[in-house]
Amino acid sequence: YDISSVIHSSNTISLCMITKNEEKNLQKCLNSVVDFVNEIIVVDTGSDDSTIEIAKRNKAKVINTKWNNNFSESRNLALNNATSKWILVLDADETLEFNSSLELLDLINKNDFDALTVKIHNLIDDSLCKYEIIPLTRVFKNNESYRYEGIIHEQIKNSILRNSGKIKDSNIKILHSGYKTPNNFK
């Protein structure tokens, strides 16, 4: 599959994310998508580490905002600045599995849906490879009617359905490392 073909098609992708003090995670996250997203939108809510520098080094559009204890507000600020046809939402402590990037590109080129449910694999422990899988809507068309709702545990699914959007399930895998427990067995 030629990843570069999507860059030049009408099916462009904006990565939208919110950050605060994510210098340890951000580069790995961006590395997992840099080859096929057309733009990166980072809404930073007050980092005092090198998060903003890492984002800018990766050609991200950085929007600095005050944290108002509302995840939807920050996510929607990112969506409001996205210009691509499709939006992919990741957190800085997440990575898109390589094979899943190929599936994502294949699916958006079929274009028979408005959003995709992906499988978030919450990694809990490296040594035992424990994880839990949570399905979430993280890929969707850039539609001004599709917006996140909820102060915490924000979701976009209801907004898409309320606006007659079709959500398709996928096997796209996003690896989330934020819940990992420290390895105390070394």
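As the structure is a prediction and not an experimental result, all values here were calculated from the model. These numbers come from the heavy atoms of this one structure, side chains and all, not from hydrogens, waters or symmetry mates. The residues of the chain are indexed from 1 along the displayed sequence.
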Mind checking side chain to side chain donor-acceptor pair (under 3.5 Å) for Arg162 and listing every partner two or more places apart, or none if nothing turns up? Glu149
For the CG atom of Asn171 and the OG atom of Ser100, what is their distance to the nearest 0.5 Å? 8.0 Å
Using 0.5 Å steps for rounding, measure from the CD1 atom of Ile174 to the CD1 atom of Ile134. 12.5 Å
For Ser170 against Leu116, the heavy-atom pair lying closest together: CB-CD2, 4.1 Å
Is the shortest distance from a Lys or Arg side-chain nitrogen in Asp114 or Lys141 to a carboxylate oxygen in the other one below 4.0 Å? yes
Would you give the length of the straight line joining atom CG of Asp169 to atom CD1 of Ile172, rounded to the nearest 0.5 angstrom? 11.0 Å
Donor-acceptor side-chain pairing of Glu39 and Thr83 below 3.5 angstrom: yes
Do the side-chain N and O atoms of Thr95 and Ser32 include a donor-acceptor pair separated by under 3.5 angstrom? no
To the nearest 0.5 Å, what is the distance between CG on Leu105 and CD1 on Ile13? 5.0 Å
How long is the gap from CD on Glu23 to OG on Ser47, to the nearest 0.5 Å? 8.5 Å
Over 12 foreign heavy atoms within 6.0 Å of NZ, Lys85: yes
Minimum-distance pair of heavy atoms, taken over all atoms of Asn81 and Ile41: O-CD1, 3.6 Å
Check the pair Glu22, Lys28 against salt bridge (Lys or Arg N to Asp or Glu O under 4.0 Å), reporting the backbone distance first and the verdict last. CA-CA 11 Å; Glu22 289 289 353; Lys28 184 176 179 183; over 6 Å; no
Do the charged groups of Arg75 and Asp91 touch, with an N to O distance under 4.0 Å? yes
What heavy-atom pair brings Thr19 and Ala92 nearest, and what distance separates the two atoms? CG2-CB, 4.3 Å
side-chain contact (heavy atoms from CB on, under 4.5 Å) evaluation trace for Ile160 with Ile167: CA-CA 8 Å; Ile160 293 169; Ile167 300 176; 3.8 Å; yes
Do Asn76 and Glu154 pass the side chain to side chain donor-acceptor pair (under 3.5 Å) test, and can you show the C-alpha distance, the side-chain angles, and the key distance before you say yes or no? CA-CA 10 Å; Asn76 291 333; Glu154 68 283 3; over 6 Å; no
How far apart are the closest heavy atoms of Ile133 and Lys119, and which atoms are they? CG2-CB, 3.8 Å
Check: Arg147 main-chain N/O paired with Ser159 side-chain donor or acceptor under 3.5 Å: yes
Centres of the Trp86 and Phe36 rings: under 6.0 Å? no
Which value, rounded to the nearest 0.5 Å, describes the distance between His121 atom NE2 and Ser177 atom OG? 14.0 Å
Does the plane of the ring in Tyr146 sit parallel, tilted or perpendicular to the ring in Phe140? Use 30° and 60° as the thresholds. perpendicular
Pairing donors with acceptors under 3.5 angstrom, does anything connect the side chains of Glu103 and Asn99? no
Test side-chain contact (heavy atoms from CB on, under 4.5 Å) on Asp93 and His176; report intermediate values, then the result. CA-CA 6 Å; Asp93 59 356; His176 175 239; 3.0 Å; yes
When you compare the side chains of Asn25 and Glu94, does any donor N or O come within less than 3.5 Å of an acceptor on the partner? no
Indicate yes or no: does Lys168 engage Asp112 in a salt bridge with an N to O separation below 4.0 Å. yes
Hey, does Gln27 have a side-chain heavy atom less than 4.5 Å from the side chain of Asn58? yes
Main-chain N/O of Thr45 paired to Thr65 side chain as donor or acceptor, under 3.5 Å: no
Show the nearest heavy-atom pair for residues Ile87 and Cys16, with the distance to one decimal. CG2-SG, 3.9 Å
Indicate the atoms forming the closest heavy-atom contact of Ser74 with Val43, along with that distance. O-CG2, 3.8 Å
